[in-house]
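Start at 1 and go down the list; that is how both ligands and their atoms are numbered. Throughout, numbering of the chain's residues begins at 1 and tracks the sequence.
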Amino acid sequence: MSASSGAGLSEALHDLPAQYRDLQAEAASLAQAVAGAADRADESSAVDPEMREQLAKSGLTALLVPAAYGGRSEVVDPVAATVVREVLAGTSSHLDSLFAMQGIGSLALGRAGDEELRRRWLPRIATLDAIAALALTEPGVGSDLKAITTTVREDNGSLIVDGHKSFITNAGYADTYTVLGREGDGFSLVLVPADSEGLSTSSPHQIIAPHVLGDVVMDGVRVPAAHRIGPPGGGFPLVLATLATFRVSVAGAALGVAQSALDDAVRYTTGHSAFGAPLHRLGSIPQQLALSWTEIEMARAFTYTAAAAAAQDPGASLHWSSMAKVGATEVAGRVVDRAVQVMGRAGLTRGTVIERMYRAARPMRIYEGGTEALLDALARRLVATQQ
Ligand SMILES: Cc1cc2nc3c(=O)[nH]c(=O)nc-3n(C[C@H](O)[C@H](O)[C@H](O)COP(=O)(O)OP(=O)(O)OC[C@H]3O[C@@H](n4cnc5c(N)ncnc54)[C@H](O)[C@@H]3O)c2cc1C
């Protein structure tokens with residue numbers, strides 16, 4: 001079996017090692033089981049109970065925490081996360097996000113959290129009994145994280161957290177928030193349980209591809225000092241470690257969306273005719289289909305190469321993960337656009353797979369590193385290596 005979703009109509013070149021093909025089949029079986037709920041869940045800004053239940057039952061979220069705390073591998077494996085996200089995102093972006101956030105919201109805890117806190121939270125996150133979230137973004141701060149205004153200060157063995165986090169996936173549904181705040185001259189990560197006094201959530205933003213998203217306000221929230229993850233001022237290396245493991249998995253999700261859109265376009269253009277010929281033989285349509293296929297296969301080969309590099313040494317391969325994320329999400333943007341175009345009005349109709357994939361592809365070029373911000377960092381590295 002290839003690295004494509006398995007449901008795909010196109011054959012695919014890139015082959016995965018056997019252990020990942022098994023994982024792909026496992027994810028495909030979950031995707032198949034929830035396919036009927038995808039439309040509803042992807043229109044919702046609330047966690048879909050059926051999706052949550054089926055995902056929990058699948059055991060896949062155990063891939064996202066270390067084995068010592070109920071996980072399936074000694075350390076979180078970026079290839080596994082990428083394989084699963086490709087399959088899940090091809091069916092439902094809601095399901096993909098619910099899966100991925102368990103790792104993105106908990107990697108820092110698993111890497112550097114207090115032992116007692118790890119034992120309390122990680123096994124529950126592994127089983128989806130508890131939902132995790134990562135809170136970096138603020139109303140006035142996105143990519144430029146060093147400009148955040150949330151503060152952390154120590155007071156008599158406690159940490160006091162004050163601030164406003166915005167556009168946080170799972171806000172309102174998470175049991176625990178990993179929050180980045182300014183502590184003195186540095187930045188620290190703090191684990192803030194959702195039921196902490198002074199923490200409130202709201203959902204002021206609705207986006208074009210509905211997402212479980214909200215704001216988190218912390219007003220004098222007090223947690224034990226042991227809730228600081230890592231040393232005081234040690235927040236950024238842990239954020240980077242999170243990105244080094246999971247950024248490449250966004251590329252996987254983008255491939256799933258792109259493949260699903262292409263499959264839909266092939267199905268439609270072979271099943272409909274105009275001017276006496278099937279659409280797939282008309283004008284530029286064959287070129288558009290073939291170009292999408294070519295771009296997906298190139299992005300897939302690169303994504304899994306970058307994921308393997310991230311599995312070897314996540315810190316040393318963040319630039320490859322960034323390239324994979326930029327490449328695959330930009331490909332997905334082009335593929336969904338072509339798919340809508342070749343399907344004509346059918347591609348625009350609300351409630352169809354292609355319309356859902358068209359919208360799902362768009363935020364991927366913005367979150368977890370906007371394309372331009374990533375290209376900026378890549379260009380700096382490129383120039384530095386040639387000087
Ligand atoms: C669906 C979704 C889920 C999200 N979930 C979370 C979450 O769980 N937790 C969380 O903390 N945040 C989350 N976010 C927020 C996300 O991380 C930010 O949107 C992202 O960091 C970009 O910030 P911004 O939107 O403020 O854009 P900005 O940073 O203002 O960027 C605007 C534009 O400028 C470009 N740009 C930025 N910096 C540079 C640069 N140095 N050089 C060149 N161009 C640049 C960007 O690429 C973009 O095109 C989510 C966002 C979305 C859409």
Side-chain angles (χ1 to χ4, degrees), residues 41-47 64 85 89 92-108 125 131-150 161 163-182 187 189-192 194 201 203-218 235-236 238-240 242-243 246-247 249-250 253-254 257 319 322 325-326 329-330 332-333 356 359-383:
D42 286 13
E43 280 305 315
S44 175
S45 317
V47 170
L64 303 173
R85 292 195 67 180
S92 160
S93 57
H94 185 98
L95 179 64
D96 167 54
S97 172
L98 201 52
F99 168 77
M101 284 313 301
Q102 293 303 91
I104 295 168
S106 74
L107 187 122
I125 290 169
I131 291 182
L134 178 65
L136 311 176
T137 306
E138 299 183 353
V141 183
S143 312
D144 183 14
L145 281 180
K146 291 202 168 142
I148 57 167
T149 58
T150 295
V161 186
H164 182 167
K165 296 294 182 182
S166 192
F167 264 75
I168 306 307
T169 300
N170 290 340
Y173 294 85
D175 295 281
T176 164
Y177 296 92
T178 297
V179 176
L180 184 69
R182 200 174 267 281
F187 297 87
L189 279 180
V190 180
L191 186 99
V192 181
T201 60
S203 309
H205 311 288
Q206 303 300 320
I207 64 169
I208 57 170
H211 194 82
V212 183
L213 204 60
D215 281 20
V216 183
V217 172
M218 287 153 293
F236 267 109
L238 290 166
V239 171
L240 275 181
T242 303
L243 296 175
F246 286 105
R247 181 171 281 158
S249 74
V250 183
V257 166
H319 58 300
S322 298
K325 200 256 175 193
V326 168
T329 58
E330 294 291 331
R356 196 153 50 80
R359 288 184 289 122
R362 194 62 189 86
M364 293 178 156
R365 291 160 58 200
I366 293 175
Y367 65 65
E368 266 200 73
T371 292
E372 300 73 15
L374 295 183
L375 288 177
D376 194 58
L378 285 169
R380 270 185 275 122
R381 185 183 173 101
L382 174 69
V383 171

Asker: Which ligand 1 atoms, with their elements, are less than 4.0 angstrom from a heavy-atom of Gly370?
Answerer: 47 (O)
Asker: Right, does atom 34 (O) of ligand 1 have protein non-hydrogen atoms nearer than 4.0 Å?
Answerer: no
Asker: Give the residue, atom name and distance (to 0.1 Å) of the protein heavy atom nearest atom 5 (N) of ligand 1.
Answerer: Thr169 OG1, 2.8 Å
Asker: Using a 4.0 Å cut-off to any heavy atom of Ile207, which atoms of ligand 1 qualify?
Answerer: 1 (C)
Asker: Apply side chain to side chain contact (heavy atoms under 4.5 Å, CB included) to Ile104 and Thr242, showing your working.
Answerer: CA-CA 6 Å; Ile104 295 168; Thr242 303; 4.1 Å; yes
Asker: If the cut-off is 4.0 Å to any non-hydrogen atom of Leu136, which atoms of ligand 1 fall inside it?
Answerer: 10 (C), 11 (O)
Asker: Heavy-atom distances under 4.0 Å decide this one: backbone, side chain, both or neither, for His211 against ligand 1?
Answerer: side chain
Asker: Ignoring hydrogens and angles, tell me if any N or O in the side chain of Arg182 forms a donor-acceptor pair with the backbone of Lys146 under 3.5 Å.
Answerer: yes
Asker: From the options Ala379, Ser93, Gly142, Ala209, select the one whose nearest heavy atom is closest to atom 24 (P) of ligand 1.
Answerer: Gly142
Asker: Only one of Val141, Thr150, Val192 passes side-chain contact (heavy atoms from CB on, under 4.5 Å) with Lys165; say which it is.
Answerer: Thr150
Asker: Have a look at Tyr177, Phe167, Tyr367 and point out the one with the heavy atom closest to atom 6 (C) of ligand 1.
Answerer: Phe167
Asker: Check each of Thr178, Leu134, Leu145 against atom 9 (N) of ligand 1 and report the one with the nearest heavy atom.
Answerer: Leu134
Asker: Return the closest protein heavy atom for atom 49 (O) of ligand 1 as residue, atom name and distance.
Answerer: Glu372 OE1, 2.9 Å
Asker: Start with the C-alpha distance between Tyr177 and Thr201, add both sets of side-chain angles, then the distance that settles side chain to side chain contact (heavy atoms under 4.5 Å, CB included), and finish with yes or no.
Answerer: CA-CA 11 Å; Tyr177 296 92; Thr201 60; 3.6 Å; yes
Asker: To the nearest 0.1 Å, how far is atom 19 (O) of ligand 1 from its closest protein heavy atom, and which atom is that?
Answerer: Ile366 CG2, 3.8 Å
Asker: Would the distance check show the side chain of Arg359 and the main-chain N or O of Ile208 forming a donor-acceptor pair, the cut-off being under 3.5 Å?
Answerer: yes
Asker: Relative to the ring of Phe187, is the ring of Phe236 parallel (under 30°), tilted (30 to 60°) or perpendicular (over 60°)?
Answerer: perpendicular
Asker: So which protein heavy atom does atom 41 (N) of ligand 1 come closest to, and at what separation?
Answerer: Asp376 OD2, 3.5 Å
Asker: Taking side chain as C-beta onward, heavy atoms only, is His211 less than 4.5 Å from Pro363?
Answerer: no
Asker: Please work out whether any backbone atom (N, CA, C, O) or any side-chain heavy atom from C-beta onward of Leu375 is under 4.0 Å from ligand 1, and answer side chain, backbone, both or neither.
Answerer: neither
Asker: For atom 37 (C) of ligand 1, what's the nearest protein heavy atom and its distance?
Answerer: Ser143 OG, 3.4 Å
Asker: Sub-3.5 Å donor-acceptor pair from the side chain of Asp175 to the main-chain atoms of Ala132, do we have one?
Answerer: no
Asker: Answer yes or no: does an N/O atom from Glu368 fall short of 3.5 Å to an N/O atom of ligand 1?
Answerer: no
Asker: Which residue, Leu64, Ile131, Thr176, forms the side-chain contact (heavy atoms from CB on, under 4.5 Å) with Ile125?
Answerer: Thr176
Asker: Considering only protein heavy atoms, which is closest to atom 40 (C) of ligand 1, and at what distance to one decimal place?
Answerer: Ala373 CA, 3.8 Å
Asker: Between ligand 1 and Val141, is the shortest N or O to N or O distance under 3.5 Å?
Answerer: no
Asker: Considering only non-hydrogen protein atoms, determine which one is nearest to atom 16 (C) of ligand 1 and report residue, atom name and distance to 0.1 Å.
Answerer: Thr137 OG1, 3.8 Å
Asker: So Gln206 and Ser45, do their side chains get closer than 4.5 Å, heavy atoms only?
Answerer: yes
Asker: Number the atoms of ligand 1 from 1 as they appear, then name those within less than 4.0 Å of a heavy atom of Ile168, with their elements.
Answerer: 7 (C), 8 (O), 9 (N), 10 (C), 11 (O)
Asker: For atom 30 (O) of ligand 1, is there a protein heavy atom at a distance under 4.0 Å?
Answerer: no
Asker: If only atom types and distance count, is the side chain of Thr329 paired as donor or acceptor with the main-chain N or O of Ala254 below 3.5 Å?
Answerer: no
Asker: Before giving the answer on side chain to side chain contact (heavy atoms under 4.5 Å, CB included), spell out for Val250 and Arg85 the whole-Å C-alpha distance, their side-chain angles and the decisive distance to 0.1 Å.
Answerer: CA-CA 8 Å; Val250 183; Arg85 292 195 67 180; 3.9 Å; yes
